[in-house]
Structures are given as structure tokens and as C-alpha cells.
Q: 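Below you'll find the structure I mean.
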There are 2 protein chains.
Amino acid sequence: MSLATDGTDKPTLYKRIRADIEQRILTGEWPPGHRIPFEHELVARYGCSRMTVNKALSELAQADLIERRRRAGSFVRRPQHQSAVLKIADIRAEITALGRSYGYELIGRKLRAATAADRERLGIKKAGKVVAIACRHSADNVPFAVEDRLIDLASVPNAATADFSREPPGSWLLHHVPWTEAEHTISAIVADDRTAEALDIAVGAPCLVIDRYTWRSARTITAVRLLYPGDSHRLVARFKGG
Amino acid sequence: MSLATDGTDKPTLYKRIRADIEQRILTGEWPPGHRIPFEHELVARYGCSRMTVNKALSELAQADLIERRRRAGSFVRRPQHQSAVLKIADIRAEITALGRSYGYELIGRKLRAATAADRERLGIKKAGKVVAIACRHSADNVPFAVEDRLIDLASVPNAATADFSREPPGSWLLHHVPWTEAEHTISAIVADDRTAEALDIAVGAPCLVIDRYTWRSARTITAVRLLYPGDSHRLVARFKGG
DNA sequence: TTGACTTATATGTCTAGACATATAATCGTA
DNA sequence: TACGATTATATGTCTAGACATATAAGTCAA
């Protein structure tokens, strides 16, 4: 999206209009509630057609910077820092991006009929089979995160025979399931014995927890819980400019 | 964005085109890498002008569902669940939305010359004054979160005289600073004595930490740390369809 | 003052063209 | 075969219009 232009290239007109307005909003020249010039006024100012300013304003509206009201005009919105774009990177990508070596280790893997707890966790009602996987990701041979995953075999049958001893299940799924939606829940716990050992931290140390529930057009695919040492890992969410 | 339409209203054509394509992607009919029909083919299929299908495809590209390549065509992208929209609600809104009563309490407030630690935290270099605020938010009279905030008076001079004994500083800032950008960092810690007392939890209990750094066009506004009891609070981030 | 009706207007969507531009594919040459 | 030049083409942007529609504002009657 809106990159930092170095000024050498000539941006297109609608992008210039969008950037102009965005800057006035960000510097406070046009405060929240301020009415932006009407489309026909911008048409006159920039000497272009209405479709061009409309495209600029539509994108600003999509980014929640302005609100458009029929007959009334377009208005600067109040900043809503409750909505931020959170980057939850693929763990391997995250580690290699830091210039560290990625390591993966399968701890356990079971194929079983779904227990009541499994069905609860996957949000499915019918009986069926699941694959349960426990594994560990490490950076420079230091434990980075432990993963505890359930895959619904009704949705992903060939996960039954996949080899997860070398390829992480997340990566495998990414390449074998067409398109998914997901919901992430973030919380904090303290490490119990098992977790402390797996992450090589002290019992009682804080851990960041990411629970991800993934589905595809109303069918559950997988549920995964990732545990990170809480003092060394951080999630960064940047507002706007995604 | 894409709401569940009840079918009674007739969506506009470009929205229908966008929804049609989105559904084929989400159901897996068009898997990642699949080439979407060319614009001129969609023009023929829907019997509309090119600008209309272009608008639909442009929005799908903005949502990262497809990738557009000149001369080559438009292609379904691989799902990138590393990017999710995190809703960090205004605390009062979050609590009242749950049907619970919101409570606010100012714990401490100091106006001082910025210490080295203050300048570090706010990312400023010059000497100057800051306001340091500690306060607590509660739901149904149970501690919900404690807040530890620093405001840069060079950027927000009238914060020096604002009354934070009734209005939370976050809410005050929202109404007195035109527009801001922010970066959030999420981590986990265990409660120390002071935190445990403020949140009415046990020492050593897990806490979710949100550090928010807010600025406006390269000027620091405020830095805030929010501590939530880690076992009772959860952050939810939904991928796509925000 | 209040409520119902009318009107003006800014935005929402759409068209049938146009030229620009990046680049995949082809062709020609060393 | 390898590489450089050419060409074809899908997307990117833009225009000068058009009609639809929601709604703020004005009008008028109870």
C-alpha cells in the first residue's frame, strides 16, 4: 500500500490526491470532523475528472481515514487505534528474517478418533478422526516456540499420511489446503512443568499464547496452540499504513 | 466488509462480481496460483464495462486475495495468515460492550522533567516535561487492567492541566489530539508485588502486556503500558473480512 | 413546536471509450 | 544455444459524461 516514495518517480494523479489529503489529516491541519472539499471542488482544484478524485476518496474511506456521507460530504474520522494490523508471521520466516538458523523437531504425532475434548477444540459435532501433533521450533538451537496442533481429517484427509517429521504441519497445510480464514486469540499463562522443559525455561516463567483456529468455507481445518517464552517474544501490531 | 447479505437487497454489480470471485477462491474452486479470467472475459461474462470489473478486481487485490500482474493476468494468492486484524478496543467500550459496568480510578499523576528513562521510553532526545499517569480500569468493580502512561508535553501541552481524576487519559487524548498512528507490542510477564496488588491477583500470576507507542507525523505523543490478568483477558485477531 | 412532504445535492455506481506502461512471448542474430 | 530487440497484450490510469439514491435542508400544515 502507501509506500514511502523517494520522490524520483511521478505518482499517478489519484495517488497524489490521496496522499495530499492523508497528509493534511495526519498533520492535524484537517482535524476529526472536518469536512473535506466536495468532489466537485477537488475536481476543480486538480483539474481532473470526478472518477479520479472519487477513487482517491474511496480508498481513504476504505482505510477508515474519512467517512463519506451522501448529500453531506466527506469527513475526517476520529482515529480508532482499537484496530491494528497484527503480523503473525510464519515461524520459519520470522526466524530466518532475523538472520538466525531455523530448527524444527517433531515431538509427537498421533492419529486417533476425535475425543470429546478434540471435538470441542475443533468446534465439530460429528465423530471422526484427527491428527494430533506436538512439535518445537527453535532459533539457533534455542527453543523458540512449542506447537500443539489438531487437524480435522474429515477436511484434510491426506494429512493422515503426511510426513511431519521434517516439514512443520503449518507449512504443510499452507501448501495442501487451498485457502483458509483464521481467528487468533492471544493470552498469557505461566509455564507448567512440561512447557518449561520443552521451552527450556523456568517453571512459572511467563508464556505468550497464540491460539489459532482455521477454517475454510464453514469447515474446520485445524486448531493450533503456540507457546512462546513471554519475556523474549513480542508481537508487534502497527496501526494504519498496513 | 463482505457482510452476509440476506438476499433481499440487490447488491451493485461490482460487489456481486467481487463476491462471486471471492467465493470461488474461498471454496477452493480456484486454488492458489489459479489464473482468474481476464478483465475482458469478465466484461463479456457479466455484460458490463471494463471499469466495473476493474473495480472489483482492484478491491480483491487490495485485500490480498489476488495478485495482479501486467500482461500476465490476475492470480489467486496463497493465504497469508500472518496478517490479521487485531481489535484493541477502547477499554471502556470493551467493558460496556460486555454488559458490565465500567469503573475508573486514578492512582497517581506526576508532572516532571523527562528523566533519561522517560526519554528512552518516548523515543525523544531533547529535554522536556512529561506527565506520568498510573490508573486502573475495572469491570463490575473487579480490576480489569492497570495503565501506566507517559505523555510528552512538548507535543500535548494542555495535558499539563487536564483533569485525569475522572476521565481516563486515553479517552482524553482521543478527544484532544487530532489524529495519531500507533504501534502495539504484546508480551507476557508474571505479576510482581505492585502489579498483583493493583490487579488483585496472586504474585507470579501471568499478565498480558500491551505496550502502545503513539505518534503524530513524526512527533511522539504518548507511550502506555497496559497490564491485564493473563488468564481472564484475551485478544482476538480475525484474519480477513475485518 | 412538531411532523410530514418536497427539493436540492453529494456521493455511488456505471459506461464506452482512450492512452500509458510493464512484461511475457516471439523473433532474429551472434 | 544464448542473448538482445521487437511485439503483443493485460493491467493501470483517466475522461466526460450518465442515472440512481440517500439524505440534509427547506417548506408547509396541524
Side-chain angles (χ1 to χ4, degrees), chain A residues 1-3 5-22 24-25 30 32-77, chain B residues 1-3 5-22 24-25 30 32-77:
Chain A
M1 319 286 139
S2 68
L3 310 169
T5 51
D6 62 339
T8 55
D9 57 340
K10 207 191 80 178
T12 57
L13 181 50
Y14 93 87
K15 283 181 182 164
R16 225 189 72 212
I17 297 173
R18 171 159 61 74
D20 278 3
I21 295 169
E22 188 171 326
R24 284 186 212 250
I25 293 172
W30 288 347
H34 177 89
R35 209 209 73 226
I36 285 187
F38 294 129
E39 290 191 351
H40 65 84
E41 294 175 302
L42 293 168
V43 162
R45 178 179 308 180
Y46 289 95
C48 61
S49 83
R50 211 191 117 213
M51 277 300 279
T52 301
V53 308
N54 184 282
K55 182 162 184 173
L57 294 181
S58 293
E59 289 194 5
L60 289 168
Q62 249 187 300
D64 273 344
L65 249 80
I66 66 170
E67 185 188 349
R68 314 202 71 196
R69 292 209 300 270
R70 272 178 143 116
R71 166 69 209 246
S74 301
F75 300 83
V76 177
R77 292 192 61 149
Chain B
M1 311 288 147
S2 70
L3 309 169
T5 52
D6 61 339
T8 54
D9 56 341
K10 208 191 76 175
T12 57
L13 182 51
Y14 91 88
K15 283 180 183 165
R16 226 189 72 212
I17 298 173
R18 171 158 61 73
D20 279 3
I21 296 170
E22 188 171 325
R24 284 185 210 250
I25 294 173
W30 289 348
H34 177 90
R35 210 209 72 226
I36 285 187
F38 295 130
E39 291 190 351
H40 65 84
E41 294 175 301
L42 293 168
V43 163
R45 178 179 307 181
Y46 289 97
C48 63
S49 82
R50 211 191 117 212
M51 277 298 280
T52 302
V53 308
N54 184 282
K55 183 163 184 173
L57 294 182
S58 294
E59 289 194 4
L60 288 169
Q62 251 186 300
D64 273 343
L65 249 80
I66 67 171
E67 184 189 350
R68 314 203 71 197
R69 292 209 300 272
R70 271 181 147 118
R71 166 72 208 246
S74 301
F75 300 83
V76 177
R77 292 192 60 150

Q: I'd like the 5' and 3' limits of the part of DNA chain C contacted by chain A, with heavy-atom contacts below 4.0 Å.
A: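 Result: C:dA8 to C:dC14.
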
Q: Is there side-chain contact between A:Met51 and B:Met51, with heavy atoms separated by less than 4.5 Å?
A: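 Yes, close enough: below the 4.5 Å cut-off.
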
Q: A:Ser74 near the nucleic acid: base, sugar-phosphate alone, or nothing, with a heavy-atom cut-off under 4.0 Å?
A: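 Sugar-phosphate: the residue A:Ser74, judged by heavy atoms under 4.0 Å, touches backbone atoms but no base.
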
Q: Looking at side-chain heavy atoms only, is the closest gap between A:Ser58 and A:Tyr14 below 4.5 Å?
A: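 Not touching, per the 4.5 Å side-chain cut-off.
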
Q: When you match A:Lys15 and A:Arg70 each to their closest nucleotide on DNA chain D, which lands nearer the 5' end?
A: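 Upstream on the strand: A:Lys15.
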
Q: Which value, rounded to the nearest 0.5 Å, describes the distance between B:Ile17 atom CD1 and B:Leu57 atom CG?
A: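 One finds 8.0 Å between CD1 of B:Ile17 and CG of B:Leu57.
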
Q: Of all of residues 40-53 of chain A, which get a heavy atom below 4.0 angstrom from DNA chain C, listed by number?
A: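 The stretch gives A:His40, A:Arg50, A:Met51 as the residues lying under 4.0 Å from the strand, ordered by number.
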
Q: What's A:Leu13 touching, base or sugar-phosphate or nothing? Going by heavy atoms closer than 4.0 Å.
A: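 Sugar-phosphate: the residue A:Leu13, judged by heavy atoms under 4.0 Å, touches backbone atoms but no base.
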
Q: What's the separation between atom CG in B:Leu13 and atom CZ in B:Arg18, rounded to the nearest 0.5 Å?
A: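 Answer for the CG-CZ pair, B:Leu13 versus B:Arg18, is 12.0 Å.
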
Q: Would you compute the distance between atom CG of B:Asp20 and atom CZ of B:Arg45 and round it to the nearest 0.5 angstrom?
A: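 One finds 8.5 Å between CG of B:Asp20 and CZ of B:Arg45.
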
Q: Starting at CZ of A:Arg77, measure out to CD1 of A:Ile25 and round the result to the nearest 0.5 Å.
A: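 One finds 11.5 Å between CZ of A:Arg77 and CD1 of A:Ile25.
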
Q: Which sits closer to the 5' end of DNA chain D, A:Arg71 or B:Ala72, going by the nucleotide each is nearest to?
A: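 Result of the comparison: B:Ala72.
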
Q: Quick check for you: to the nearest 0.5 Å, what is the distance between A:Gln62 atom CD and A:Asp64 atom CG?
A: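 Reported value, rounded in 0.5 Å steps: 9.5 Å.
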
Q: May I have the list of side-chain donor-acceptor pairs in residues 65-72 of chain B shorter than 3.5 Å, sequence neighbours left out?
A:
residue	atom	partner	partner atom	Å
B:Arg68	NE	B:Ser74	OG	3.1
B:Arg68	NH1	B:Glu39	OE2	3.3
B:Arg68	NH2	B:Glu39	OE2	2.6

